[in-house]
Novice: 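Supplied in structure tokens, the structure appears directly below.
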Amino acid sequence: MLEKLSPLPPDPILGTTVACRNDPNPDKVDLGVGVYKDAGGNTPVFEAVVEAEARILAAQTTKAYVSPPGDSRFIEGVTRILFGEDHPVLADGRVGAVQAPGGSGALRVLAGVLLRAQADTELWVSTPTWGNHIPLLGAAGLDMQQYPYYDRGAHALSFDAMVEALKQRGPGEVVLLHGCCHNPSGADLTREQWDVVGDLAEERGFTPFIDFAYHGLGEGLDDDAYGVRMLARRVPELIVAYSASKNFGLYRERTGLAITVDATAEQAATATSQMANIARELYSMPPAHGASIVGEILADVELTASWTGEVTAMRDRLNGLRALLSRSLAETTGTDEFDYIAGERGLFSFLGLSPEQVQRLQSERSVYLIPSSRINVAGITEANVGYVAESIASVL
Ligand code: PMP
């Protein structure tokens with residue numbers, strides 16, 4: 001029966017990585033795949049993670065299953081840094097949460113809970129959005145719809161069009177927002193714009209769903225959480241998929257948290273029981289290692305300080321590279337066309353090139369990006385930025 005299957009082409013992003021790896025050009029630059037890289041091109045293990053792992057291994061006595069909702073220190077720690085110490089939803093016990101395999105696993109569990117609550121749930125995602133949102137959440141069974149978000153020509157949010165689309169939403173409809181560091185555009189809502197989304201959610205009664213995969217990489221741990229914290233104060237129900245892949249560098253450890261903010265503590269307990277049951281249907285039990293690392297870090301003042309310092313360094317490097325790239329592009333192109341890159345946040349921005357220009361960058365200059373011209377800013381270094389800027393100018 002398996003002979004009925006047809007083979008699928010490799011993922012285009014991974015294809016770019018492989019093509020770059022096989023390119024002998026010593027000047028080659030990989031701006032494709034979406035992981036953080038340091039100045040040496042490595043995706044390092046955080047020092048706080050190394051220390052936490054050592055402590056966990058020294059104290060470990062069993063590999064028996066963790067409980068279905070997951071590691072309680074992880075859940076406590078993540079919800080505290082997400083909502084902030086004194087948030088009323090924590091004080092009131094209105095938060096349901098279940099550990100999940102990465103932000104992707106959290107998205108999948110939350111899709112399940114939305115479908116159990118209402119079988120025909122519409123989920124509205126931004127155009128553009130992370131390449132796996134529609135496949136992952138659509139395959140779970142949600143009715144996927146799209147609202148305008150980013151104008152690639154203008155290199156700016158299409159905020160008015162977004163507001164018009166959200167004005168049409170109502171109770172029983174769910175709107176997915178990126179907590180910060182929008183993937184793929186790098187364009188985030190300002191606080192004022194978040195407040196407008198809060199007004200609309202209150203007035204119209206739709207449920208906000210925040211995908212939070214880059215906490216701390218935009219403006220800071222508290223600033224990046226502005227939208228989540230504000231919405232959690234204002235609306236009765238909120239959904240959050242949290243990923244520790246980027247901000248703890250735990251990608252392969254599959255460390256995420258599925259979170260609901262519910263109208264009452266009783267409903268939060270119900271949501272938790274439903275999410276644990278959905279996880280049971282999908283993969284039974286959550287993985288232990290990544291969550292125990294995050295739990296260990298966030299339960300310890302010194303490790304938390306060390307981790308916060310590392311997140312700050314990562315963020316400062318990304319934002320510094322953005323400024324550097326836009327300055328270099330101003331020099332090589334003689335225009336201010338690329339100034340917007342400095343103001344965007346997170347790993348990604350669009351260059352606004354055609355697939356043909358992207359192909360020329362690859363074949364003529366060994367500069368690798370994905371066909372949409374999304375770049376991973378972390379692939380730039382002080383050493384290669386001049387070459388990258390000249391290369392981009394050469395295909396304009
Ligand atoms: N959401 C967004 C917006 C992402 O960019 C990513 C990772 N690329 C995820 C979710 C999933 O992250 P994880 O690796 O933790 O599953």
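Start at 1 and go down the list; that is how both ligands and their atoms are numbered. All values derive from a computational prediction rather than experimental measurement.
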Novice: Could you pull out all residues at least two apart from S391 that satisfy side-chain contact (heavy atoms from CB on, under 4.5 Å)?
Specialist: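 Residues passing side-chain contact (heavy atoms from CB on, under 4.5 Å) with S391: L361, R365, V367, Y387.
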
Novice: Hydrogens and angles aside, do W124 and E122 bring a side-chain donor and acceptor to less than 3.5 Å of each other?
Specialist: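 Judged by distance alone, the side chains do pair up.
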
Novice: Which pairs of nitrogen or oxygen atoms, taken one from ligand 1 and one from the protein, are under 3.5 angstrom apart?
Specialist:
residue  : atom   : partner : partner atom : Å
ligand 1 : 1 (N)  : D211    : OD1          : 3.4
ligand 1 : 1 (N)  : D211    : OD2          : 2.6
ligand 1 : 5 (O)  : N183    : ND2          : 2.8
ligand 1 : 5 (O)  : Y214    : OH           : 2.6
ligand 1 : 8 (N)  : K246    : NZ           : 3.1
ligand 1 : 14 (O) : S245    : OG           : 3.2
ligand 1 : 14 (O) : R254    : NH1          : 3.1
ligand 1 : 15 (O) : G103    : N            : 2.7
ligand 1 : 15 (O) : S243    : OG           : 2.7
ligand 1 : 15 (O) : S245    : OG           : 2.6
ligand 1 : 16 (O) : G103    : N            : 3.3
ligand 1 : 16 (O) : S104    : N            : 2.8
ligand 1 : 16 (O) : S104    : OG           : 2.6
ligand 1 : 16 (O) : R254    : NH2          : 2.7

Novice: Between F350 and H155 (judged by ring centroids, cut-off 6.0 Å), do the two rings come close enough to count as a pair?
Specialist: no

Novice: Transitive ILVMFWY cluster of L8 at side-chain heavy atoms under 4.5 Å: who else is in it?
Specialist: none

Novice: Nearest 0.5 Å, what's the OG-CD distance between S363 and E356?
Specialist: 11.5 Å

Novice: What residue pairs, at least two apart or across chains, pass side chain to side chain donor-acceptor pair (under 3.5 Å) with a residue in residues 19-37?
Specialist: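 As it turns out, the side chain to side chain donor-acceptor pair (under 3.5 Å) pairs with a partner in residues 19-37, which skip direct neighbours, are D23-S366, D23-Y368, N25-S366, Y36-R317.
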
